[in-house]
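Heads up, the thing below is written out as structure tokens.
Reckoned from all heavy atoms, side chains included, excluding hydrogens, waters and symmetry mates.
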Amino acid sequence: MRSPRRLAGVLLVGILVSSCGVSTQSEPHAVELPRRPLTEPRASAATEGRAGGVAEVLCMVRDNRLVETVRRLDAPPTPQEHIDHLVAGPTQPERDRAMTTALVGSSLEVRMAGDATAQVEITEADEGSARSDETLAYAQIVCTLTSRADVASVLLLRDGDRLEVPRADGSLSRGPLYGSDYTALIAPA
């Protein structure tokens, strides 16, 4: 008698699995992934209900860590507009959430290279001053620009010469920088 029950159980499982509503496809297809961490809520209270269909990700600073904030725009910003928004610093609602910036007094000019590298010319108001938050400032630039689909890496320059830039681990680089170079500075979600 066990055999018919087992057969009935197998048939029931087969029927349930085949009717789960997931169709099969014979060809692979492209999947659009979100340009945000998958652990982050789809829309935050800061962006919900705001006008603009384009999300602009900016990396600000809170408690000596990078935090992402998303602003809504009507049109995609150019790389230069994106970096200008970063240099302008946090908005009042972002400041209310304890966000700051390490880019005070910096002027940044962005040029795109053909290989999806953003070349950023840095001019500081007082170039002789040493900054304790230098790594955070570079991380803000790199992580903000690499949040864009059209930027894979960032090359930082002063007077046309490559800068030797600290990564999050303290090592220095004259080469292109990636968002992954600053993962250790990103605040947990």
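Residues Gly179 and Val142 come closest through the heavy atom pair N-CG1, 3.9 Å. Taking all atoms of both residues into account, the shortest heavy-atom contact from Thr117 to Ser153 is OG1-OG, 2.9 Å. Closest of all the heavy-atom pairs between Arg65 and Ala184 is NH2-O, 3.3 Å. Gly175 and Arg162 get closest at one heavy-atom pair: CA-NH1, 3.9 Å. The two residues Pro77 and Arg148 make their nearest non-hydrogen contact at O-NH1, 2.9 Å.
To the nearest 0.5 Å, the span separating CG on Leu86 from CG on Leu145 amounts to 8.0 Å. From Arg95, atom CZ reaches atom CE of Met60 across 9.5 Å, with rounding to the nearest 0.5 Å.
Here the rule is side-chain contact (heavy atoms from CB on, under 4.5 Å) with Tyr138, and of Val120, Ile122, Leu103 only Ile122 fits it. Evaluated for a side-chain contact (heavy atoms from CB on, under 4.5 Å) with Thr146, the options Val154, Val57, Asp181 yield exactly one hit, Val154. With Met99 as reference, Thr69 is the one residue of Thr69, Thr91, Asp63, Leu58 to meet the side-chain contact (heavy atoms from CB on, under 4.5 Å) rule.
Residues passing the side-chain contact (heavy atoms from CB on, under 4.5 Å) test with Asp161, sequence neighbours excluded: none. For the side-chain contact (heavy atoms from CB on, under 4.5 Å) test, residues two or more places apart in sequence or in another chain that qualify with Asp169 are Arg167, Ser171. For the salt bridge (Lys or Arg N to Asp or Glu O under 4.0 Å) test, residues two or more places apart in sequence or in another chain that qualify with Glu94 are Arg71. In terms of the side chain to side chain donor-acceptor pair (under 3.5 Å) criterion, Glu109 has no residue partners (sequence neighbours excluded). Listed by chain and number, the residues in a side-chain contact (heavy atoms from CB on, under 4.5 Å) with Ala55 are Val70, Arg72 (sequence neighbours excluded). Here Thr100 pairs with Val61 under the side-chain contact (heavy atoms from CB on, under 4.5 Å) rule; sequence neighbours left out. In this view, Asp96 and Gln92 satisfy the side chain to side chain donor-acceptor pair (under 3.5 Å) rule, not counting sequence neighbours.
Looking only at side-chain heavy atoms (C-beta outward), Pro76 and Glu81 stay at 4.5 Å or farther from each other. In this structure, Ser107 and Val87 have side chains that are not in contact, with every pair of non-hydrogen atoms separated by 4.5 Å or more. Looking only at side-chain heavy atoms (C-beta outward), His82 and Val151 stay at 4.5 Å or farther from each other.
Between the side chain of Arg62 and the main chain of Arg97, a donor-acceptor pair closer than 3.5 Å is present. Under the 3.5 Å distance criterion, the side-chain polar atoms of Glu121 are left unmatched by any main-chain donor or acceptor of Val110. Under a 3.5 Å cut-off, the side chain of Gln140 and the backbone N or O of Leu66 do not form any donor-acceptor pair. At least one donor-acceptor pair closer than 3.5 Å links the side chain of Thr144 to the backbone N or O of Cys59. Within the 3.5 Å criterion, the main-chain N or O of Leu163 finds no donor-acceptor partner in the side chain of Arg174.
Connectivity analysis of hydrophobic side chains (ILVMFWY, heavy atoms under 4.5 Å, direct or indirect) links Leu155 to Leu157.
Connection of Tyr178 to Leu108 is not established within any shared hydrophobic cluster, with ILVMFWY side chains joined at heavy-atom distances below 4.5 Å, either directly or through further cluster members.
Atom CG of Asp115 has more than 12 heavy atoms from other residues, nucleotides or ligands within 6.0 Å.
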